[in-house]
*Asks:* 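Could you have a look at this structure, given as structure tokens, before my questions?
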There are 2 protein chains.
Amino acid sequence: MRLLLAEDEKEMSNALVAVLKHSNYSVDAVYDGLDAYNYGISENYDGMILDIMMPKMDGIEVLKKLREKGINTPVLLLTAKSQVSDRIEGLDSGADDYLTKPFAMGELLARIRAMTRRKTEFSPNDLTIGNITLSRETFDLKGPSGTQRLGSKEFQMLEMMMVNKNTLISTERFMERIWGYDSDAEINVVWVFISYLRKKLVSVGADVEIKAARGVGYTLAEKQK
Amino acid sequence: MRLLLAEDEKEMSNALVAVLKHSNYSVDAVYDGLDAYNYGISENYDGMILDIMMPKMDGIEVLKKLREKGINTPVLLLTAKSQVSDRIEGLDSGADDYLTKPFAMGELLARIRAMTRRKTEFSPNDLTIGNITLSRETFDLKGPSGTQRLGSKEFQMLEMMMVNKNTLISTERFMERIWGYDSDAEINVVWVFISYLRKKLVSVGADVEIKAARGVGYTLAEKQK
DNA sequence: GCTATACTTTAAAGTAATCTTAAAGTAGCA
DNA sequence: TGCTACTTTAAGATTACTTTAAAGTATAGC
């Protein structure tokens with residue numbers, strides 16, 4: 001799960017990023033409303049956390065503009081004021097939830113889970129292609145000859161490929177979506193995980209394979225016989 | 001037993017929390033309808049006490065929305081008015097009971113007991129999975145090679161896992177449901193109790209085991225042979 | 001009200017899974 | 001043939017979980 005966090009107070013932001021990463025989210029942090037909008041419009045996120053008070057453009061404004069553009073990523077608003085008017089305006093503008101500062105981290109996590117769950121409720125819990133099934137709940141990859149538990153990175157990569165079956169996914173897209181813009185991981189990480197995935201696919205007896213497209217990226221497709 | 005109390009008058013709320021905690025309930029207190037809804041939807045409670053007159057969303061509205069979402073936690077409504085119309089609407093909306101202010105604490109406690117009993121009446125007294133049985137009455141865990149008495153925390157954790165056999169339960173969910181939102185216990189408490197439980201499962205000769213899903217949570221499942 | 005006991009929590013040290021990097025090997029293509 | 005892009009392996013660093021021990025709290029029986 002990839003989240004965008006827009007919060008201008010550095011300390012607050014850093015603390016939140018730490019907690020969110022710990023809870024298995026990939027997080028991109030931005031520090032003003034303009035960046036929030038620019039990042040948000042990429043549709044690379046499963047959820048966004050927007051502070052209302054921010055330089056350049058306030059959170060409600062960002063939200064309105066994104067909704068105008070047809071971006072319906074779930075949004076959780078953070079507000080320092082507990083004023084009802086702000087909240088109502090936020091919810092009217094298409095926010096999915098809001099939280100008043102100060103708040104407990106546990107509550108934030110619960111709200112994020114609820115928010116993204118509502119969204120993903122209709123997307124199936126198990127992905128199936130050929131003779132393999134990937135559980136979004138347990139990260140288990142099942143095939144005719146066994147089950148393998150995938151790590152978080154392996155899971156995210158395979159999930160992307162299964163959702164976009166037969167479609168080419170560029171190495172950069174993997175990096176952006178899974179490691180985030182600000183990651184300094186080498187490109188070669190993607191190659192390594194592709195290798196791990198192929199090994200696990202073979203070990204569960206999959207009839208699908210990951211094909212490389214030289215200079216471009218990877219595709220998941222059923223094996224030819 | 002975990003209760004949610006939604007009551008906007010601080011003094012009243014504090015008094016109720018004190019009495020309820022004294023009667024061995026874990027209590028989360030919220031002070032408006034929106035929070036009542038947000039907390040209630042987590043399904044972390046064995047019962048909810050909702051004041052009808054509350055800011056942002058009244059108790060009946062909260063109840064209706066929760067029932068719409070399929071949450072059937074028992075609800076006791078508190079009303080200052082003794083108007084019949086309110087009561088009828090409340091009961092129609094899926095409340096299990098109501099109480100008119102002012103009321104005696106003793107009566108409130110009795111109603112809560114009755115309400116939660118009705119609910120748990122139909123859930124079996126013994127949970128069985130594989131070759132182990134957990135008694136909800138005595139907190140005894142029985143297996144082929146012995147019996148172990150579980151502590152309250154151990155019991156609650158194992159109960160959750162047995163009810164949700166083969167389903168992953170996140171560490172956060174354990175924390176929320178057993179320790180509550182406002183607890184400041186470290187996450188590591190969960191790990192410690194998982195360890196105690198595993199030890200007791202082995203000692204009674206269980207053919208089920210608790211599997212960890214790194215970064216996510218735990219699952220109870222029958223052992224592979 | 002004291003003491004023994006059981007239960008809960010914290011802390012810390014040990015273990016294992018996962019992630020990242022580096023480096024050596026292989027294949028496609030000019 | 002040689003360049004580049006990918007593949008694989010292995011080692012190290014990091015993180016997450018497991019276990020143990022000990023300190024803190026609550027409870028029951030005297």
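Computation of the quantities below employed the complete heavy-atom set of this structure, encompassing side-chain atoms and omitting hydrogens, waters and symmetry-equivalent molecules. Each chain gets a letter, A, B and so on, in the order its sequence line appears, and its residues count up from 1.
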*Asks:* Let me test you: for the helix from C:dG1-D:dC30 to C:dA30-D:dT1, what is the angle between the axes at its two ends (five pairs each), rounded to 10 degrees?
*Replies:* 20°
*Asks:* Which residue pairs pass the salt bridge (charged side-chain N to carboxylate O under 4.0 Å, His left out) test when at least one of the two sits in residues 14-26 of chain A, sequence neighbours left out?
*Replies:*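 For residues 14-26 of chain A: none.
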*Asks:* List for me each residue that meets ring-ring contact (aromatic ring centres under 6.0 Å, His included) alongside A:F155, sequence neighbours excluded, and say none if there are none.
*Replies:*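 Expected list: A:F139.
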*Asks:* At a heavy-atom distance below 4.0 Å, which nucleotide of DNA chain C is the first touched by chain A, and which is the last?
*Replies:* C:dC19 to C:dG28
*Asks:* Who pairs with A:E11 by side-chain contact (heavy atoms from CB on, under 4.5 Å), at least two apart in sequence or on another chain?
*Replies:* none
*Asks:* CZ of B:R111 to CD1 of B:I49: how many Å apart, nearest 0.5 Å?
*Replies:* 12.5 Å
*Asks:* Could you list, one pair per line, each protein nitrogen or oxygen that sits under 3.5 Å from a nitrogen or oxygen of nucleotides 13-15 of chain D, together with the distance?
*Replies:*
unit_1, atom_1, unit_2, atom_2, d
D:dT15, O2, B:R214, NH2, 2.7

*Asks:* Please list, in numerical order, the residues of residues 195-204 of chain A that have a heavy atom closer than 4.0 Å to any atom of DNA chain D.
*Replies:*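 Heavy-atom cutoff 4.0 Å gives A:S195, A:Y196, A:R198, A:K199.
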*Asks:* Hey, could you give me the CG/CG distance between A:D46 and A:L4, rounded to the nearest 0.5 Å?
*Replies:*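 Those atoms lie 11.5 Å apart.
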*Asks:* First locate atom OG1 of B:T73, then atom CD1 of B:I41, and finally report the distance between them rounded to the nearest 0.5 Å.
*Replies:* 10.0 Å
*Asks:* B:T167: what forms a side-chain contact (heavy atoms from CB on, under 4.5 Å) with it, not counting sequence neighbours?
*Replies:* A:E137, B:N164
*Asks:* Hey, what do you get for CG (B:L5) to CG (B:L76), rounding to the nearest 0.5 Å?
*Replies:*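 B:L5 CG to B:L76 CG: 10.0 Å, rounded to 0.5 Å.
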*Asks:* In whole angstrom, give the distance that lies between atom CZ of A:F139 and atom P of D:dC17.
*Replies:* 12 Å
*Asks:* Starting at the 5' end of DNA chain C and moving along, which residue's nearest nucleotide shows up first, B:N188 or B:S152?
*Replies:*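 Here B:S152 is the residue nearer the 5' end.
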*Asks:* Rounded to the nearest angstrom, tell me the gap between atom NZ in A:K153 and atom P in D:dA16.
*Replies:* 10 Å
*Asks:* If a pair satisfies salt bridge (charged side-chain N to carboxylate O under 4.0 Å, His left out) and one of its residues is in residues 155-169 of chain A, list it, with sequence neighbours excluded.
*Replies:*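 Found A:R136-A:E159, A:K165-A:E222.
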*Asks:* To the nearest Å, how far apart are B:I194 CD1 and D:dA16 C1'?
*Replies:*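 After rounding, the gap between these two atoms is 14 Å.
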*Asks:* Sequence neighbours left out, what pairs pass salt bridge (charged side-chain N to carboxylate O under 4.0 Å, His left out) with at least one residue falling in residues 22-37 of chain A?
*Replies:*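 Sorted pair list: A:R2-A:D28, A:D32-A:K56.
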*Asks:* Would you kindly say whether B:S152 and B:Q156 are connected by a side-chain donor-acceptor distance under 3.5 Å?
*Replies:* yes
*Asks:* Just to be sure I understand the geometry, which residues of residues 169-179 of chain A put a non-hydrogen atom under 4.0 Å away from DNA chain C?
*Replies:*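 Under 4.0 Å from DNA chain C: A:W179.
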*Asks:* If you assign each of A:K21 and A:V192 to its closest nucleotide in DNA chain D, which residue comes earlier from the 5' end?
*Replies:*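 Result of the comparison: A:V192.
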*Asks:* Roughly how far apart are B:M175 CE and B:N44 CG, rounded to 0.5 Å?
*Replies:* 12.0 Å
*Asks:* Would you give the length of the straight line joining atom NZ of B:K200 to atom CD of B:E154, rounded to the nearest 0.5 angstrom?
*Replies:* 3.5 Å
*Asks:* Mark yes or no for whether A:D126, through its side chain, and A:T133, through its backbone, hold a donor-acceptor pair below 3.5 Å.
*Replies:*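 Such a contact is absent between A:D126 side chain and A:T133 backbone.
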*Asks:* Under the side-chain contact (heavy atoms from CB on, under 4.5 Å) test, which residues partner A:L168, sequence neighbours left out?
*Replies:*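 side-chain contact (heavy atoms from CB on, under 4.5 Å) check on A:L168 returns A:A213, A:V216, A:T219.
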